[in-house]
Amino acid sequence: MNDEILDWGIRELQRRLESAEVSAVEVLEAYQEQIAIQEPEVDAFLSLDLEAARRRASYQDERRARGERLGRLAGVPVVLKDNLCTINFPTTAASKILDGWVPPYNATVVDRLDEEDAIVLGKTNLDEFAMGSSTENSAFKITRNPHDLDRVPGGSSGGSAAAVASRMALAGLGSDTGGSIRQPAALTGIVGLKPTYGRVSRYGLLAFASSLDQIGPLAASVEDTALVAECIMGHDPRDATSLQEAPPQLLGSLSQGVQGIRIGVVTNLIEAANPEVQAGVEAAIQALARAGAIVEEVALKELAYGLAAYYVVAPAEASSNLARYDGVRYGLREPGVTVEEMMIATRTKGFGPEVKRRIMLGTYALSAGYYDAFYVTAQRVRTFVREAFARAYVSFDLLIAPTSPTTAFRIGERSNDPVEMYRSDVCTIPSNLSGDPAISVPAGVDADGLPIGVQLLGPALSEQVLFRAAFVIEEGLH
Amino acid sequence: MSSRTIAGPARGWEYVIGLEVHTELRTATKLFCGCPNAFGEEPNTSICPVCLGLPGSLPVMNAQAVDFAIRVGLALNATIQRSQFHRKNYFYPDMPKDFQISQYDVPINANGHLELPSGAVIGIERAHLEEDTGKLVHRGGGGRIESAEYSLIDYNRSGVPLLEIVSAPDIRDPEEAKEYVAELRSILVAVGASDGRMEEGSLRVDANVSVRPVGETQMRTRVEIKNLNSLRSLTRALEFEGRRQVQLYEDGEAMLQQTRFWDEARAVTGALRLKEEANDYRYFPEPDLPPVAPDPLVIEARRSELPEFLSTRRAQLADVLPELSRDLRETVITDECWPYLRAALDANITPHRAVARCANELVALLDEIGALSPSRFVEVLALEDEGKLGASQVKVLLREACLDPLAIPELVAKLGFTASDADAVKAMVAEVVASCTQEWSRYLAGDEKVAGFLLGQVMRRYGRQISGSDARQALTRLAEEARAESS
């Protein structure tokens, strides 16, 4: 029975709960058992509260028995990347500097999941402050790829991806600043969406790079991803960059197909990927073509410059966003004779090497005398990237590319070469720079059985058609 | 307008002063969150995740603060523009995010000016919005951060909206600096943007000051004096600093670009830190806030709602009474006085009489003004203008008009003043004058000194029956009539 429960997607689960075929507590128990088996190997969680989850499931069963109508995620076990503020769990961003900090407020997305009656199991591991592509930069633990425990799950939302991929949760939330949802989704064989910038409120997301950060869902199927996306999108008055547009209806249009949809194959990004990944992308393209999409090749050379621009803009914003971790008000405080010494000691001990590297890069890029050469130039490149996309979207409805140039790499393999690690994001970064939505969908496995991800990219607010195409790929490659 | 003598810090030297005035805006809530913008609350009670800068919190712009900024900008004749917020990055424990959200190269208000009572026009480079910091209280060790045993932080003030008004270096002496701040304060209060209370920190002044030999056009190394929180501190600090700088130059010592503080007790400025060592603030556009683009229609609406400023009243007075002394003018253009004066001028009361009655009688009555409306005031002055009442009668009548709402003609009757009273005084004076023909002709020819003799004669003959001022008024009127007849 328990294995069967784990097979159900969200809508299937909802049907079974509504028909009283299964209770929320029984569902929770199935996941609890799975966590007991998987978590010791995968190490996806930074905090876990199954007792609280059980109380909530039990209360939902009571409400259902009373005839109450429950939310769209009733009984659904979900996990949250540990950079989303939660009243009920510590929020650490996988950093020693916030070890044990419990926020006095929930992120907007956490409240929205709560309103839809999702059952939050715990908080998941990430690269410290979401800086990384492997989840190896966590101050607390290394999360492993469920498909091969010697390999990384990708990052920075590696904990959420690994938890969903190992069926410890039905869905997870991550954050994507340069690919941090899509790349781990690809490396663990699940679906991950980076919505249009402003679609999902960032209120309560520990900021890494504010102009690039966007929260999004990860789930095993396109349908589950769409459902969670619908639940978390929409305007939030607490985020001034939040869009006014009503959230799109994704589920209803999922099976409308791609007949006549024009899809551009981004050749230069495909060339950046290894042959097995290229083959996976090719299979996805074939599936789209079979479904009636008009597929053509397009080279967008400007996108390649995005990587360099990103590694100026993101550290610059991060250097400012992370200034507040100074030991004065919360989190770690190391003693010091003067305030300045206390701050320096706290930050020296509290931040890991990758975070320090990016703070230094960003501080440098914003410094007097360097600002124009670095920050201003990077913003100009960002405009090039945006314009390149805009030109492409005159001829195409969507673009297709790999999510990651490679499948999951070995733990430790790239730790000593930050630039090589940064290159992992070459295909995903352009969407963050432009603020446009993109989704990663599984596209088979390589010779080692490691998942390959294909990425669909669309113009701002094109989530509906992105999901239709993602659904076609999922069906076509099944 | 009258010009003032500029006082340099020493013979042959002049000041070059620019002021940065920070004013707390009187909004209901803070700049980026819904916490009440209140003064004097228990420490750390008016706070939330946003103004505490907690991880994950985001700022949202307060529309009322933008509105106040627009009003001030209009009052300062500034260009109101689409503006961007920037982050000013530096570490300090009173600043919860370790950056301040401020405006940098595109402030909401740019290129304005402010005309002072002296007639000097001071350029306003910008007036921009920014958030206030928390308040540090250092305990032990003399109350300075370096030596304190420990420090307490009150974040109630964190996120309170500030408008920073930056003048051009157009101010040439400490008195002018004081005049500038006073004039600016009156404008901020008039548009409702600030309560203007310097003692509560609603208005805080930083001064940039340098000195140079008179005639030199380039600017020399400047010193910034922080937190001059009263007009008295402002002038004293500038005077001290001017003398200090001149002394340094005359001794051939190096002038350092510095930030200094004013020590009120010792009446000296002291160095805070060298500007060279100061932070590189690493300004960059605030990614969490979209640009603020004021709607032109809103700007025009605010412009039409602007109150009348002192400078407008000065200009109106200059038209009718160009020779008016500055003291008299400043007395009668206050918000309390001006409605009466304006009504009198509108009713064609002799301007110098209207000003004199406002500055002398009305100002003394303001605390007990009661039933004395501007129109009743004008009625009384009209009677005097027509020669129906004497000056001393007017004084009594004005006081009575405050206390008793009876119509003015009835008040005149009640007090027993009749038009003939004034005529009777005139007749008495005429009688005396007729017996002093020699002195009278000299007086008519313009010899004012004879007036005293003539009035002495009147008083000697009629003693307490009439007042000296009424007699003088009658004498003046008789002379006017005589001159009118002869011309």
Side-chain angles (χ1 to χ4, degrees), chain A residues 83-85 91-93 98 101 103-108 129 201-207 209-213 236-242 313 316-317 319-331 338-340 342-344 347 362-371 375-376 379, chain B residues 32-34 44 47-63 85-101 104-105 134 136 138 141 145-153 155 158 278-292:
Chain A
N83 59 355
L84 297 168
C85 284
T91 298
T92 68
L98 275 179
W101 181 62
Y105 73 106
N106 275 337
T108 297
F129 282 102
S201 167
R202 291 182 295 118
Y203 190 78
L205 166 67
L206 271 54
S210 313
S211 73
L212 303 161
D213 294 341
D236 177 10
R238 289 182 297 184
D239 175 356
T241 63
S242 163
V313 173
E317 293 183 13
S319 71
S320 173
N321 283 329
L322 270 61
R324 71 191 66 193
Y325 305 103
D326 58 10
V328 173
R329 290 157 300 272
Y330 44 79
T338 64
V339 175
E340 195 183 10
M342 182 278 284
M343 287 180 174
I344 291 171
R347 292 167 66 81
T363 302
Y364 188 82
L366 291 175
S367 295
Y370 300 96
Y371 181 81
Y375 187 80
V376 173
Q379 291 294 3
Chain B
F32 301 124
C33 64
N44 295 312
I47 52 170
C48 75
V50 176
C51 56
L52 273 183
L54 290 189
S57 65
L58 294 171
V60 177
M61 196 63 215
N62 179 334
F85 284 86
H86 273 66
R87 291 187 185 177
K88 180 180 181 179
N89 294 286
Y90 64 100
F91 286 89
Y92 212 67
D94 64 4
M95 206 166 51
K97 300 184 294 295
D98 288 301
F99 61 78
Q100 182 192 28
I101 302 177
Y104 183 52
D105 51 359
L136 284 170
H138 305 298
I145 191 168
E146 300 83 5
S147 49
E149 283 167 44
Y150 64 96
S151 303
L152 301 171
I153 315 178
Y155 289 108
S158 169
N279 292 285
D280 170 359
Y281 291 122
R282 291 173 285 120
Y283 279 101
F284 74 101
E286 166 57 270
D288 289 328
L289 287 172
V292 171

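Using a 4.5 Å heavy-atom cutoff, the side chains of B:V50 and A:Y203 are in contact. The shortest side-chain heavy-atom distance between B:P49 and A:R238 does not fall under the 4.5 Å cut-off. Looking only at side-chain heavy atoms (C-beta outward), B:R282 and A:S319 come within less than 4.5 Å of each other.
Contact between B:L289 and A:A240 at its shortest, heavy atoms only, is CD2-CB, 4.1 Å. Across all non-hydrogen atoms, the minimal contact from A:R324 to B:L54 is NH1-O, 3.3 Å. Nearest heavy-atom pair, A:D239 versus B:V60, reported as atom, atom and distance to 0.1 Å: N-CG2, 4.2 Å. Across every non-hydrogen atom of A:R329 and B:M95, the tightest pair is NH1-O, 4.0 Å. Scanning all heavy atoms of the two residues, the minimum distance from B:D98 to A:A323 falls at OD2-O, 3.0 Å. Across all their heavy atoms, B:G53 and A:Y330 have their closest contact at O-OH, 3.6 Å.
Under a 3.5 Å cut-off, the side chain of A:Y105 and the backbone N or O of B:S57 do form a donor-acceptor pair.
Ranked by heavy-atom pairs shorter than 4.5 Å toward chain A, the options B:P290, B:P287, B:S151 are led by B:P287. For the set A:T338, A:V376, A:N83, A:T363, the count of heavy-atom pairs under 4.5 angstrom toward chain B peaks at A:T363. If you tally non-hydrogen atom pairs under 4.5 Å between each of A:S211, A:G204, A:G331 and chain B, the highest count goes to A:G204.
For chain B, the nearby part of A:L205 is the backbone; its heavy atoms alone come within less than 4.5 Å. In this structure, chain A has no heavy atom under 4.5 Å from any part of B:M61. Neither the backbone nor the side chain of B:Y90 comes within less than 4.5 Å of any heavy atom of chain A. Contacts of B:D288 with chain A are made by both backbone and side-chain atoms, with heavy-atom separations under 4.5 Å. Within the 4.5 angstrom heavy-atom criterion, atoms from both the backbone and the side chain of A:A368 approach chain B. Interface residue B:Y155: only side-chain heavy atoms are found under 4.5 Å from chain A. For a residue to count as touching a neighbouring chain, one of its non-hydrogen atoms must lie under 4.5 Å from one of that chain's; by this rule B:F284 touches chain A with backbone and side chain alike.
Once rounded to the nearest 0.5 Å, the distance linking OH of A:Y371 with CG of B:D280 reads 11.5 Å. Considering CZ of B:F99 and CG of A:N321, their distance stands at 6.0 Å, rounded to 0.5 Å. Atom CG of residue B:L58 and atom OG1 of residue A:T241 lie 6.5 Å apart, to the nearest 0.5 angstrom. To the nearest 0.5 Å, atoms NE2 (B:H86) and OG (A:S320) are separated by 11.5 Å.
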